[in-house]
Enquirer: 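Quick one: this structure, given as structure tokens, is what I'll be asking you about.
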Amino acid sequence: MSSETLLYGNPAKFEIDEFNQYVMNTYGRFPIAIERGEGCNLWDTNGKQYLDFVAGIATCTLGHAHPAMIKAATEQINKLHHISNLYYIPEQGELAKWLVEHSCGDRVFFCNSGAEANEAAIKLVRKYAHTVLEFLEKPIILTAQASFHGRTLATVTATGQPKYQTHFEPLVPGFAYVPYNDIKAVEDAITNLDEGNSRVGAIMLEPLQGEGGVRPGDREYFQGIRKICDDNNILLVFDEVQVGVGRTGTLWGYEQLGVEPDIFTSAKGLAGGIPIGAMICKKFCDVYEPGNHASTFGGNPFVTAIGTAVLNTIEQDNLLENVKSRGQQLRGSLQSLIDKYPRLFSEVRGWGLINGLEIHNDHELTALDIIKASMDEGLLIAPAGTKVLRFVPPLIVSEAEINQAVIYLEKAVKYCLKTKGLDS
Ligand SMILES: *Cc1c(COP(=O)(O)O)cnc(C)c1O
């Protein structure tokens, strides 16, 4: 018996069939059940240890069981965990102040998820169009192909990927799509969509497309977009749900591009894995009034106290520096792997600690093949489409952990190639 087994109790065998009997089948789950975590490590119900380069899909900013989160959570739940927005919540005000002082935004609305944050932005854009933009009756929100903005009806409509929309028609009106990183397409769309009481009122983009394959935005493109928005009275909305909160090596993804949005959304990493969403906007477009938008749980004392603790820890522990150097290290190691297996891998791309390793389109292996083999070795990674491996470890990841992850990954690659009878 290993020391882990003694320390962490008797691993109970998890009953997958029983789970599936009661829980809706909306996810393609891997056949392991995770029971416990610490730092960048996880243990499943059989006591097997994993290095976590998924981090709850880019949410567990400080890894697992971080002392700052434990302290904030226990102190707050002992004091007050929920009260509703019928009253002032001091912890909510404190988190909003932190966000405003550390971003280009002036005002914050809190909700519980990325999709909800984007919904809040979509509604704000529409109200701004109806009340400010010469009373524009049918504002259109331009989004990018291969984007991802969430699964509610409005955000799945904003998501420029038909695979997420099929069977859920009729979709929400008022959206149009353009290819990402293509400025001419945006100019054409604005001209073509200008008709009567309908025109483009906002452009909503991810600074780096996460789900869509870890594709960073071009600086030139985004600066062009900013100018188009300024010239045409169009609001610029950034979906920072995945890339915000330090993941790219700057606090916000827009800092990588040298442009400021009018509105941006945050969620995943904002409270380190406790459910939260936020929509942040500049003062000039804050047109919400009491009764316009709301959330029962949004900004409750428990989650906002933890959010502030996470952000203060990022600042006090200089985690942005860690993200930059660990990101460089990881991309360097992955580039060496590409050089070793050039027929398998085509490219590594990303910023800070959101990176994608792309498999050649015509190669037999898929991202899932390598992810499953990595899991056997003891490394968790996520896919971003069928041919891209996504690496989004906690921002506290160490140099040794990055090295170990790449060792596991290479072992997994060798195993996959061998079982398929391929040499590279
Ligand atoms: C994950 C994600 C969302 C959706 O967030 P949920 O919390 O799952 O609703 C929206 N936009 C982007 C860019 C995301 O990565």
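Quick caveat, the model's predicted, so the values are computed rather than measured. Just so you know, ligand 1 is whichever comes first in the structure, and atom 1 is the first atom listed for that ligand.
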Enquirer: Answer with yes or no whether the side chains of N112 and S295 bring together a donor and an acceptor at under 3.5 Å.
Expert: yes
Enquirer: Between W43 and Y50, does a ring pair (Phe, Tyr, Trp, His ring centres under 6.0 Å) hold up when you go through it step by step?
Expert: CA-CA 6 Å; W43 287 267; Y50 303 88; 9.4 Å; no
Enquirer: Give a yes or no on whether a salt bridge exists between E195 and K138, defined as a side-chain N under 4.0 angstrom from a carboxylate O.
Expert: no
Enquirer: Are there over 12 heavy-atom neighbours, none belonging to L320, within less than 6.0 Å of that residue's CG?
Expert: yes
Enquirer: Using 30° and 60° as the class boundaries, would you call the ring planes of F284 and Y128 parallel, tilted or perpendicular?
Expert: perpendicular
Enquirer: Between T250 and Q256, is there a side-chain donor-acceptor contact under 3.5 Å, judged purely by atom types and distance?
Expert: yes
Enquirer: Using a threshold of 4.0 angstrom between heavy atoms of the protein and any atom of ligand 1, which residues qualify?
Expert: S113, G114, A115, N118, F148, H149, G150, E206, D239, V241, Q242, K268
